[in-house]
Amino acid sequence: MTFSHHVAVITSDEQALIVASDLAEDFKRDSALRDRERRLPLPELDVFSRSGLWGISVPKEYGGAGVSNVTLAKVIALIAQADGSLGQIPQNHFYALEVLRVNGSHQQKQRLYAEVLAGQRFGNALAELGTKTAHDRVTSLKRDGDGYRINGRKFYATGAIYAQRIPTSVVDENGVQQLAFVPRDSKGLTVIDDWSGFGQRTTGSGSVVFEDVYVAAEDVLPFQSAFERPTTVGPLAQILHAAIDTGIARAAYEDALHFVRSKTRPWIDSGNDKATEDPLTLKSFGHLSIRLHATEALLERAGEFLDAAQAETSAETVAAASIAVAEARAISTEISLAAGSTLFELAGSQATLIEHGLDRHWRNARVHTLHDPVRWKYHAVGNYYLNDENPPLRGTI
């Protein structure tokens, strides 16, 4: 699998943020239209991939920028602010790269990181319906000569429809979970565009079916073991989700400011340069501003803790990072919903809210924040500080 188009090389955190800011300006332009018509962002993803941003977490020793998690989270928040779906599509791509970093062999890292730096996108096929718990998997991996065969069905496979490889959680013949980096064009692999969420409409989070799909042995790496010892896989996944919610919140906040200012022009025309003097509106924006700024600060703090855990991984550093990320994830959940709701409250039932696609912020936040229960974040944080109990090792914290 090769790409003929040119892919930029990003070499620093500063460059990554500049590129993300520039792309966000472009992506914002038609984001409401893409949402309204459920227009899959194929041209935008091509530009996104060629920008080099999908390779910024590749370690320096493998040719990437190896940016900090503070920067990675800011990049995702910037893109999500422009378009919530575009911000979510690479989430599992970066998640798979982190599994590769902590569990892959040197040869696997060399090969798969090189593909990413060449512009390839990784999707995901992790979640399954009908299992006893959300963490159980039944999709099978069985030996076939020098490789394996995969059989099973996945759902909520965000990014799979856009990917060149689909990292897939599978259970081997010993009952152990592995992660198979399956080429998108493999025989017997079917990606179904059946995602029907009323928010995050263009994430392509549909289903993936594996019918006797062959995968080479070198494309399979350990997965379950990433949660049997302290690693940063879980908090890395979660900080990206927190960044998505933070970006959605910032978009709703900025649009609320613009909406109120544009709808209160009589104040300005009468010689009063204030957008409004209504105390309830002022209180709403004051409350929203404080919590949004707190969310952005906690997201940056979480990135710093995650950087420290990656630099020196231990039970203590991973727990601290997981808790810092859980704090950011909890407040980002609340603020993304609150910002969208405030926009509704200030606009009332005016048709312009939907005409201009401003309702998408609340819909995007409501759908994305259901990814995993935020109530368990509070439980883990309280247990950590009150009882000195480290959080469980899993992808949801």
Side-chain angles (χ1 to χ4, degrees), residues 6-29 31 41 44-95 97-98 101 113 116-117 119 121-122 159 232 235-255 292-311 321 324-325 328-329 331-332 335-336 339:
H6 173 72
V7 178
V9 177
I10 291 178
T11 59
S12 69
D13 291 59
E14 294 77 13
Q15 185 184 4
L17 291 170
I18 291 170
V19 171
S21 296
D22 290 343
L23 281 184
E25 287 296 317
D26 292 336
F27 292 163
K28 180 181 178 181
R29 192 171 301 115
S31 59
E44 290 78 13
L45 277 174
D46 183 54
V47 173
F48 198 177
S49 296
R50 287 190 285 110
S51 74
L53 286 175
W54 287 59
I56 58 175
S57 71
V58 173
K60 285 183 169 63
E61 57 265 38
Y62 290 96
V67 302
S68 70
N69 288 293
V70 172
T71 295
L72 180 60
K74 286 182 178 178
V75 165
I76 294 298
L78 283 167
I79 301 299
Q81 180 181 342
D83 184 318
S85 290
L86 277 170
Q88 186 179 349
I89 291 169
Q91 191 273 333
N92 283 293
H93 169 93
F94 288 114
Y95 175 72
L97 293 185
E98 182 68 356
R101 188 186 72 83
Y113 281 146
V116 169
L117 293 174
R121 296 185 293 266
F122 294 168
T232 50
L236 186 283
Q238 287 297 305
I239 198 173
L240 297 173
H241 285 301
I244 295 163
D245 290 335
T246 302
I248 293 171
R250 170 59 70 174
Y253 173 78
E254 296 291 345
D255 278 347
L292 178 58
H293 293 152
T295 301
E296 291 170 337
L298 282 177
L299 184 66
E300 182 167 346
R301 174 179 176 269
E304 293 169 352
F305 271 81
L306 188 50
D307 288 336
Q310 285 183 339
V325 171
R329 183 86 162 93
I331 194 171
S332 66
I335 192 61
S336 61

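Heads up: numbering here begins at 1 and tracks the sequence. Please read all numbers here as calculations on a predicted model, not as lab measurements.
Partners of Glu14 under the side chain to side chain contact (heavy atoms under 4.5 Å, CB included) rule, at least two apart in sequence or in another chain, are Ser12. Shown here are the salt bridge (Lys or Arg N to Asp or Glu O under 4.0 Å) partners of Arg101, two or more places apart in sequence or in another chain: Glu98. Residues forming a salt bridge (Lys or Arg N to Asp or Glu O under 4.0 Å) with Asp26 (at least two apart in sequence, or on another chain): Arg29.
When side chains are defined from C-beta on, Ile89 counts as touching Pro41, because their heavy atoms get closer than 4.5 Å. Side-chain contact between Val7 and Leu117 is absent, with no heavy atoms from C-beta onward closer than 4.5 Å. Two residues are said to be in side-chain contact when any heavy atoms from C-beta on lie closer than 4.5 Å; Tyr113 and Leu97 meet this criterion. Side-chain contact between Leu236 and Leu72 is present, with at least one heavy-atom pair separated by less than 4.5 Å. Considering only heavy atoms from C-beta on, Ile56 stays 4.5 Å or farther from Gln15 through its side chain. Within the 4.5 Å cutoff, side-chain heavy atoms of Asp245 are placed close to those of Arg329. Considering only heavy atoms from C-beta on, Asp46 comes within 4.5 Å of Arg50 through its side chain. Proximity of Ile76 to Ile244: side-chain heavy atoms (C-beta onward) are separated by under 4.5 Å at one or more points.
Trp54 and Phe48 have perpendicular rings, their planes meeting at more than 60° on a 0 to 90° scale where under 30° would count as parallel.
When every heavy atom of Ile239 is checked against every heavy atom of Ala302, the shortest pair comes out as CD1-C, 3.8 Å. Nearest approach of Asp307 to Ser68, heavy atoms of both residues: OD2-CB, 3.3 Å. The nearest pair of heavy atoms linking Ala243 to Ala80 is O-CB, 4.4 Å. Of all non-hydrogen atoms in Tyr253 and Ala339, the two that sit nearest each other are N-CB, 4.3 Å. The two residues Ile331 and Leu298 have their closest heavy-atom pair at CG2-CD1, 3.8 Å. Taking all atoms of both residues into account, the shortest heavy-atom contact from Val75 to Ala16 is CG2-O, 4.0 Å.
If you take CG on Leu53 and CD1 on Ile79, they are separated by 6.5 Å, rounding to the nearest 0.5 Å. Between atom NE2 of residue His293 and atom CD1 of residue Ile335 there is a gap of 9.5 Å, rounded to the nearest 0.5 Å. Atom CD of residue Gln81 and atom CZ of residue Arg250 lie 6.5 Å apart, to the nearest 0.5 angstrom. The CD1 atom of Ile10 sits 11.0 Å away from the OG1 atom of Thr71 when rounded to the nearest 0.5 Å.
For the pair Lys74 and Glu300, the salt-bridge criterion is met [side-chain N within less than 4.0 Å of a carboxylate O].
Under the 3.5 Å distance criterion, the side-chain polar atoms of Ser31 are matched with a main-chain donor or acceptor of Ala82.
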